[in-house]
Amino acid sequence: MIIDGMATTALAWHLQGANRRARTLATLQASPFDRVRMAALAGRCTLDSLEERVAELAGIGVTAELVLLHPDDGIADVAAAARYLEEVVPRLAQHPNVWWSLSADPSLLPGISEHDWVRLANLVAEEDPGHHPLSITVPAGSPLLWRRGFTHGSVTARSPPRRMGPDARPPQAGRHGTCAATRATRPTRGSA
């Protein structure tokens, strides 16, 4: 049974060699996944190359959920983030199989405030005439989940301890799960 709406993560698959990319595409095509989260990392590859990978995903019916802002891109402040988004979003917005994720972990970009994240979300909306879905990944309870610029949010949550009681161990650092909390705030391509 294939379940619609399943996503997976392959953050840097598009930066691999041709053989590995082909294997990744074949694996995705044979799987129930219809969306793959990947880091745009446009600072590490050309936009032409990134567009080719997004088109390859479209060819097998997979949506590219592009994590736009990542510390590996060398973005340290809101001005640099805005310049980057103004270059990347209009180029990739031409593809119908694109979703945006503004950041997979805003805490890794401490030079960008909560107010700035909202301004950047609005910038993505302005630069995207197709109004593709836009998310941000934050801890549960973050006010960013309910900000107008985002169509949905991804929530990180610590895994619970395996044992309950006074000797239960806290969750291990770095272990978390992500789930989507969807809230439509603007029309998306294909919506009525």
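- By the neighbour-count criterion of 12 heavy atoms within 6.0 Å, atom CG of N19 is sparsely surrounded, having that number or fewer from other residues, nucleotides or ligands.
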task: Take T27 and L25 through the side chain to side chain contact (heavy atoms under 4.5 Å, CB included) test and state the conclusion after the steps.
output: CA-CA 5 Å; T27 299; L25 289 169; over 6 Å; no
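- Using a 4.0 Å cut-off between charged nitrogen and carboxylate oxygen, R83 and D77 do not count as a salt-bridge pair.
- Linking Ile, Leu, Val, Met, Phe, Trp and Tyr residues whenever their side-chain heavy atoms come within less than 4.5 Å places I136 and I112 in a single cluster.
- Minimum heavy-atom separation, P133 to V98: CD-O, 4.2 Å.
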- request: List the steps and the verdict of ring pair (Phe, Tyr, Trp, His ring centres under 6.0 Å) for H131 and W100.
  value: CA-CA 10 Å; H131 304 290; W100 311 114; over 10 Å; no
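- One hydrophobic cluster, built from ILVMFWY side chains closer than 4.5 Å, holds both L102 and L50.
- For the pair V138 and W117, the minimum side-chain heavy-atom distance is 4.5 Å or more.
- E87 is linked by a side chain to side chain contact (heavy atoms under 4.5 Å, CB included) to L47, counting only residues two or more places apart in sequence or in another chain.
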- request: Dump the intermediate steps for side chain to side chain contact (heavy atoms under 4.5 Å, CB included) on E127 and L85, then the final yes or no.
  value: CA-CA 8 Å; E127 297 290 338; L85 293 174; 5.9 Å; no
- request: Please assess T46 against D48 for the test side-chain hydrogen bond (donor to acceptor under 3.5 Å, both in side chains), listing each intermediate value before the final yes or no.
  value: CA-CA 5 Å; T46 68; D48 289 341; 5.1 Å; no
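- The heavy-atom pair separating W13 from R21 by the smallest distance is O-CG, 3.3 Å.
- Taken together through direct or relayed side-chain contacts under 4.5 Å among Ile, Leu, Val, Met, Phe, Trp and Tyr, Y84 and V118 form part of one hydrophobic cluster.
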Show me the side-chain donor-acceptor pairs of residues 58-70 shorter than 3.5 Å, one per line, residues at least two apart or across chains.
| residue | atom | partner | partner atom | Å |
| --- | --- | --- | --- | --- |
| E65 | OE1 | R35 | NE | 3.0 |
| E65 | OE2 | R37 | NH2 | 3.0 |
| E65 | OE2 | S135 | OG | 3.4 |
| H70 | ND1 | D72 | N | 3.1 |

